[in-house]
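To start, the structure itself, in structure tokens.
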Amino acid sequence: AVVPPLLAWEGHALRGELAVDLQAAGTLDAPETNGTLRVGDGYYETGSTSTILNDLEILLEAAGDTIRLAEFSANDGAGGAITGEGQLMLRSEEGTPFDFTFKLDHPRLVHRDDFRTQGTGELRVTGNADGAVLAGDLMVGPAYITIPESSGETQVTTVPFTVAQGEGEVEQAEKKVPFKMGLDLTLDFPGKVFLTGMGLDTEWEGKLKITNQLADPAIEGVLRVKKG
């Protein structure tokens with residue numbers, strides 16, 4: 001069946017042909033699954049980075065308490081590609097652990113007017129329902145960053161504020177544990193990172209190590225001007 005869109009949430013869209021042949025038995029603590037779920041001729045787009053994936057193929061194979069990503073492939077329509085594999089374990093006592101690896105071959109990771117870049121390397125995301133870690137080594141570039149020209153318009157300053165919560169609301173908020181995404185990334189910029197605008201016309205190179213949490217990243221390394 002064709003499902004347009006297959007999934008849609010704010011800033012993201014996924015559509016394609018969905019074929020489901022799944023059976024489930026057992027209990028939530030000891031599930032028994034069998035079958036497949038396939039997405040064919042898929043298309044994914046995210047608005048924030050203008051990332052587009054064409055010819056998306058996803059095959060999930062379920063057996064017992066394991067759901068395996070047997071196939072994941074897509075291209076960016078400009079010669080870049082992404083493939084992936086991994087698995088998710090339906091084990092509630094372990095928080096539903098998962099382990100996925102994706103290989104990037106020069107796909108366009110960001111394709112906005114002010115920022116365009118490609119990347120090559122391998123990314124691995126491991127974790128469970130409580131949190132995960134995104135790790136890997138990426139060679140970034142070519143990248144094109146444009147500093148927008150000042151419009152000369154008056155800028156409006158915003159001041160953050162907090163609305164006081166009632167006692168019941170505070171207790172409910174304390175019960176919610178946010179999903180934590182850890183980082184262990186090495187980004188290599190071997191030149192061809194171009195920063196232009198506001199009188200600049202430069203090329204950069206270097207290497208960065210990004211660790212800690214997505215919400216509070218720690219960045220170490222060096223970026224230096226190669227030309228300009």
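When all heavy atoms are compared, the tightest approach of Leu104 to Gly119 is CB-O, 3.8 Å. Closest non-hydrogen pair, Pro217 versus Leu183, comes out as CB-CD1, 4.2 Å. Nearest heavy atoms, Leu22 versus Gly35: CD2-C, 3.6 Å. The shortest non-hydrogen separation linking Thr51 to Arg108 is CG2-O, 3.9 Å. Nearest heavy-atom pair across Pro107 and Ile82 is CG-CG1, 3.8 Å. Phe102 approaches Gly84 most closely through the heavy-atom pair CD2-CA, 3.7 Å.
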request  = Could you please spell out the steps behind the side chain to side chain contact (heavy atoms under 4.5 Å, CB included) verdict for Thr96 and Phe98?
outcome  = CA-CA 7 Å; Thr96 315; Phe98 54 83; 5.9 Å; no

Derivation of the side chain to side chain contact (heavy atoms under 4.5 Å, CB included) call for Leu88 and Leu90 = CA-CA 7 Å; Leu88 178 147; Leu90 300 175; 3.4 Å; yes

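Proximity of Val140 to Leu208: side-chain heavy atoms (C-beta onward) are nowhere separated by under 4.5 Å. A 4.5 Å side-chain heavy-atom check between Leu18 and Leu37 finds at least one atom pair inside the cut-off. Side-chain contact between Leu56 and Leu14 is present, with at least one heavy-atom pair separated by less than 4.5 Å. Looking at heavy atoms from C-beta onward, Leu185 lies in side-chain contact with Leu123 at the 4.5 angstrom threshold. Side-chain contact between Arg38 and Thr36: absent, with no pair of heavy atoms (C-beta onward) separated by less than 4.5 Å. At a threshold of 4.5 Å between non-hydrogen side-chain atoms, the residues Asp188 and Asp137 do not count as touching.
For Thr146 (side chain) and Thr196 (main-chain N/O), no donor-acceptor pair under 3.5 Å exists by modelled atom type.
The cluster map of Ile, Leu, Val, Met, Phe, Trp and Tyr, joined by side-chain heavy atoms under 4.5 Å apart, puts Val110 and Leu223 in the same cluster.
Note on ring orientation: taking the six-membered ring where Trp is involved, the planes of Phe194 and Tyr144 are parallel (angle under 30°, cut-offs 30° and 60°).
Grouping Ile, Leu, Val, Met, Phe, Trp and Tyr residues whose side-chain heavy atoms lie under 4.5 Å apart, directly or via other members, leaves Val222 alone, with no other cluster members.
Using a cut-off of 4.0 Å between Lys/Arg side-chain N and Asp/Glu carboxylate O, Glu203 and Lys192 are scored as not salt-bridged.
The side-chain hydrogen bond (donor to acceptor under 3.5 Å, both in side chains) contacts involving residues 52-70 comprise Asp55-Asn75, Glu61-Arg68, Asp65-Arg91, where partners must be two or more places apart or lie in separate chains.
With Arg124 as the fixed residue, the side-chain hydrogen bond (donor to acceptor under 3.5 Å, both in side chains) test singles out one of Asp99, Asp184, Thr101: Asp99.
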